[in-house]
Amino acid sequence: MWRFRELLPVLESFGNAVTLREGNTPLYPLPQAGRRLGIDQLFAKHQGMNPTGSFKDTGMTSALSVAKERGFEWVACASTGNTSAAMAAYAARAGLRSLVLIPEGKIAWGKLAQAMDYGAVTCQLKTDFDGCVKVLGEIVRQEKIYLLNSVNPYRLEGQKTPAFEIAEALEWTVPDHLIVPGGNLANSSALGKGFKELRELGLVARMPRISVIQAEGANPLVRSFAANHGRELEPVQADTRATAIRIGNPASWRKAVRVIQDTDGWCLDVSEAEIAIAKAELGAEGLGCEPASAVTLAGLKKLRAEGKIGGGETVVLLLTGHTLKDADYTIDFHRGTLLRNEEIGGYAAEIEALRRNAVAVDANPAAVLNAMKGGAHR
């Protein structure tokens, strides 16, 4: 990522950058999803291919480098998982101490394991993410601890760089549409900033339409647009299995409103079943992702069905996290234990066709061959 250092005005000396060789993640074509949706140019920018497995790394290398350069000994964040993993890794790399506050029982174990492994002081609070943010705000006011949540402006500087990489991969053009998951809502504004800077530098001619997709159970921005066109936001009690976006009071909602409106994008939500199906479909392309990433494909389906995205347009989905961030979600889906009956609704046949459960078979060739032919994969 630091090859774009001239566009990252955050450090006095670039020799102080703390890096794990983040960035330069792949832009994958999605041929199967593209055929199903009738979109010729459909891609996934997979930020889950960063060192700690999520898009947070590009922002964390930037902001934590600032913390080290300014002499902080402690850094801290409240997190639903990915931020804590990234912060703990980069703090360990820099020789700093790190504090992580997470909502008890509301974080994927794969992410919590990372924070522990990288040496963070990890506290599970008996509250939700927004409660963790409140407690952390009081702590950093009392002690010399550098806050590394997405309200930190240097995080956004790093998180704008995938915009540069997308344009570079498309030979200095931009997609017609960029679709982003919506949690704390800093990422969409960071990407908008990146494309805007490219346009101001004359490297690209225009901005993509940037759309934000939320889960139905954690959709304060969707409700804000419906109620008052994004002028005010009422927090919600967030509830979704896509833990990375289980945020009811997003800190950067005003910035997200601005980028959606400035680029003529959309904001919509998708159900738990739609997320699970989209995740399995991305997996069938060989591109595993965490549940929160899959909201982008689920949202694209709705936008395409409503005629808001044309078949001849270029679309990029931002995948924010690696599939191993939440392996339990994937296993539960394929075992058929993920969704309640009322959540499945009319999607039962579609879900059944995507399930690929591991099965026990006799230890002989005939049994294995029968399983290969589809006789025993449910």
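- At distances below 3.5 Å, at least one donor-acceptor pair connects side-chain atoms of S211 with backbone N or O atoms of W266.
- Between K56 and E22 no salt bridge is recorded (no basic side-chain N to carboxylate O distance below 4.0 Å).
- When atom types are taken as modelled, the side chain of E232 and the backbone of S224 share no donor-acceptor pair closer than 3.5 angstrom.
- Residues I247 and D130 form a side-chain contact, since some pair of their non-hydrogen atoms from C-beta on lies under 4.5 Å apart.
- With hydrogens and angles ignored, the 3.5 Å screen pairs a side-chain donor or acceptor of R246 with a backbone N or O of T240.
- Salt bridge status for K45 with E165: present, with a side-chain N to carboxylate O gap under 4.0 Å.
- With salt bridges taken as basic N to acidic carboxylate O contacts below 4.0 Å, none links K279 and E290.
- Checked by atom type and distance alone, the side chain of E343 never pairs as donor or acceptor with a backbone atom of S271 at under 3.5 Å.
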Quiz item: Q47 and T25: side chain to side chain donor-acceptor pair (under 3.5 Å), yes or no, with the steps?
Solution: CA-CA 6 Å; Q47 291 296 93; T25 54; 2.4 Å; yes

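- For H177 and E313, the side-chain atoms include at least one donor-acceptor pair closer than 3.5 Å.
- With hydrogens and angles ignored, the 3.5 Å screen pairs no side-chain donor or acceptor of R199 with any backbone N or O of R206.
- Between E197 and K193 there is a salt bridge, since a side-chain N of the basic residue sits under 4.0 Å from a carboxylate O of the acidic one.
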Quiz item: Hey, mind stepping through N82 and K325 against side chain to side chain donor-acceptor pair (under 3.5 Å) and telling me if it holds?
Solution: CA-CA 8 Å; N82 285 329; K325 289 283 188 173; 3.1 Å; yes

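- Side-chain contact between L198 and M207: absent, with no pair of heavy atoms (C-beta onward) separated by less than 4.5 Å.
- In this structure a side-chain-to-backbone donor-acceptor pair under 3.5 Å is missing from S98 to A88.
- A salt bridge links E281 to K301: one of the charged nitrogens lies within less than 4.0 Å of a carboxylate oxygen.
- Side-chain polar atoms of Y347 and E274 form a donor-acceptor pair below 3.5 angstrom.
- Using a 4.5 Å heavy-atom threshold, the side chains of L282 and L30 count as touching.
- No side-chain N or O of Q214 forms a donor-acceptor pair with one of N219 less than 3.5 Å apart.
- Using a 4.0 Å cut-off between a side-chain N of Lys or Arg and a carboxylate O of Asp or Glu, R3 and E168 qualify as a salt bridge.
- Using cut-offs of 30° and 60° for the angle between ring planes, the Y146 and F72 rings count as tilted.
- No side-chain N or O of S189 forms a donor-acceptor pair with one of S252 less than 3.5 Å apart.
- Contact annotation: the side chain of L268 never approaches that of V212 to less than 4.5 Å [non-hydrogen atoms, C-beta and beyond].
- The 12-atom threshold is exceeded at CD of E138, counting heavy atoms of other residues, nucleotides or ligands nearer than 6.0 Å.
- Judged by distance alone, the side chains of T61 and W2 do bring a donor and an acceptor atom under 3.5 Å apart.
- Inspection of the T52 and D57 side chains reveals an N or O donor paired with an N or O acceptor under 3.5 Å.
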